[in-house]
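Quick notes on the structure that follows.
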Number of protein chains: 2
Amino acid sequence: MVQVKTDPRVVRTRKLIMDSFIKLSESKEFRDITVKDITTEAMINRATFYYHFEDIYDLLEKALSEVLLINLNSAEYEHKKLDEDVFNHLFKAVTDFQQSLSNRCHRGYEDTIAQIIRDQLEVVFNKMLKAQYGLEKEETLKTTAVMLSWGLYGASLEWKRNGTAAPEEFLKTATPFLLHGLQFDLQK
Amino acid sequence: MVQVKTDPRVVRTRKLIMDSFIKLSESKEFRDITVKDITTEAMINRATFYYHFEDIYDLLEKALSEVLLINLNSAEYEHKKLDEDVFNHLFKAVTDFQQSLSNRCHRGYEDTIAQIIRDQLEVVFNKMLKAQYGLEKEETLKTTAVMLSWGLYGASLEWKRNGTAAPEEFLKTATPFLLHGLQFDLQK
DNA sequence: CGGGATGTGTCGCTTATCCGACACTCCGGA
DNA sequence: TCCGGAGTGTCGGATAAGCGACACATCCCG
């Protein structure tokens, strides 16, 4: 976890770009937002944008990842056990995130967004699993994290599809089963 | 009035510095504020500060000038006649400005601040006089502006000293006399 | 069909900002 | 008295940001 100190200008500029993008995406659809729009809003040069991001899709990924990560980290899961409570919190964070997106009109980019969500979930699961079951094989934990992230994401889609119950209630029946199975497998 | 376009980085950085200074001066006295404090708050390098300002006193002058100028320009005096109404507005702006300063604890720098106020007033008076009496000699207008700025500033001190009446009322008796004298002199 | 308008991604050069270091001053305590 | 810490102002070299220009793609309108 060695953080090489990054140039303050970089931090400032990336924040300017991200904030401008998020602000613009509240009033425009993603496909109507140009690089020029963003750089004008952020008061930076267009070339500087390309210094930090491949293109506007790259920005979409990184911006959404950051927003989602803030949601996910709000409870500092790293110091907690991976129990039913944490699971439900993560689920709530994901559904909240998707809710906020549907207000911001990113239609046509569901696949990209889905992948972002799973990636970020995988990161969180990985951290927690390593902290809790650090003695297990790296591969085992990684694969477990992958499955958990896909599972949680799938559940969020299922919840959206027939969105009757509150997110807090939705998983109540499934989590205990999943977690006990999980602990059985890993602690063997 | 040829505005050479300034580098956006310069605009951004100067704003960062000014805002940080104003923010700090709300919680600290001027003599307790260091350059380091400002640059840390503004998230810029200390050397960059010296790229834009001579020292912290230079910043004080420029920051206060800017704040005051915003007050003074709020009514866009350039397009107005120099009548009693404008005079009272300017007076109000100056007393408001001094009021806001006394909350921000710049004790010991009254002389500097007084000069800033008079300078800015002089600029405003000069603009208005030129627009209105452009045919008169440059020197005549300049001297008039000087006298008006000193006069208005002096009046604001007088008002502070025995601050019984509202600023709006304070000049009521004096302005008509001053203005009619003024118009008599210049229109000859 | 053609051409103008708009957006994209890249380039070389200039300039503002960052960084670390330096010498200097001031000041309170050992 | 001397010392160390904290603040100031300046320097040279490295690097991010700005600028204008370019080639290319797309789209729309006459």
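Order of the sequence lines fixes the chain letters, A, B, ..., with proteins taken first and strands second; residue numbering starts at 1 for each chain.
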Spacing of B/D7 atom CG relative to D/dG20 atom P, expressed in whole Å:
11 Å
Under the side chain to side chain contact (heavy atoms under 4.5 Å, CB included) test against A/Y133, which residue among A/T144, A/L141, A/T140 passes?
A/L141
Rounded to whole Å, please give me the gap between CD1 in B/I33 and P in D/dT8.
11 Å
Which residues, if any, of residues 42-51 of chain B bring a heavy atom under 4.0 Å of DNA chain C?
B/M43, B/I44, B/N45, B/R46, B/A47, B/T48, B/Y51
Using a cut-off of less than 4.0 Å, is there contact between a side-chain N or O of B/R12 and OP1 or OP2 of D/dA17?
no
When you measure from the side-chain N and O atoms of A/H52 to the phosphate of D/dA17, is any distance below 4.0 Å, counting only OP1 and OP2?
yes
Going by modelled atom types, is there a donor-acceptor pair between the base of D/dA17 and the side chain of A/R9 at under 3.5 Å?
no
Check this for me: does any side-chain nitrogen of one of A/D19 and A/K23 sit under 4.0 Å from a carboxylate oxygen of the other?
no
Nearest-nucleotide wise, let me know which of A/V35 and B/V10 is further upstream toward the 5' end of DNA chain C.
A/V35
Before we go on, tell me: are the rings of A/F30 and A/Y57 under 6.0 Å apart, centre to centre?
yes
To the nearest 0.5 Å, what is the distance between CZ (B/R46) and OG1 (B/T40)?
9.5 Å
Measure from CD1 on B/I56 to P on D/dT8 and round the result to the nearest Å.
6 Å
Over 60° means perpendicular and under 30° means parallel, so classify the ring planes of A/W159 and A/F91, tilted if in between.
perpendicular
In this structure, CG of B/L64 is separated from NZ of B/K62 (nearest 0.5 Å) by 12.5 Å
Nucleotide D/dT8, atom P - distance to CG of B/D32 in whole Å:
11 Å
Answer with yes or no whether the side chains of B/T48 and B/N45 bring together a donor and an acceptor at under 3.5 Å.
no
Please confirm whether the ring centroid of A/F21 lies under 6.0 Å from the ring centroid of A/F49.
no
Do the charged groups of A/D32 and A/K28 touch, with an N to O distance under 4.0 Å?
no
Span of DNA chain C engaged by chain B, first through last nucleotide within the 4.0 Å heavy-atom cut-off, is C/dT15 to C/dA21
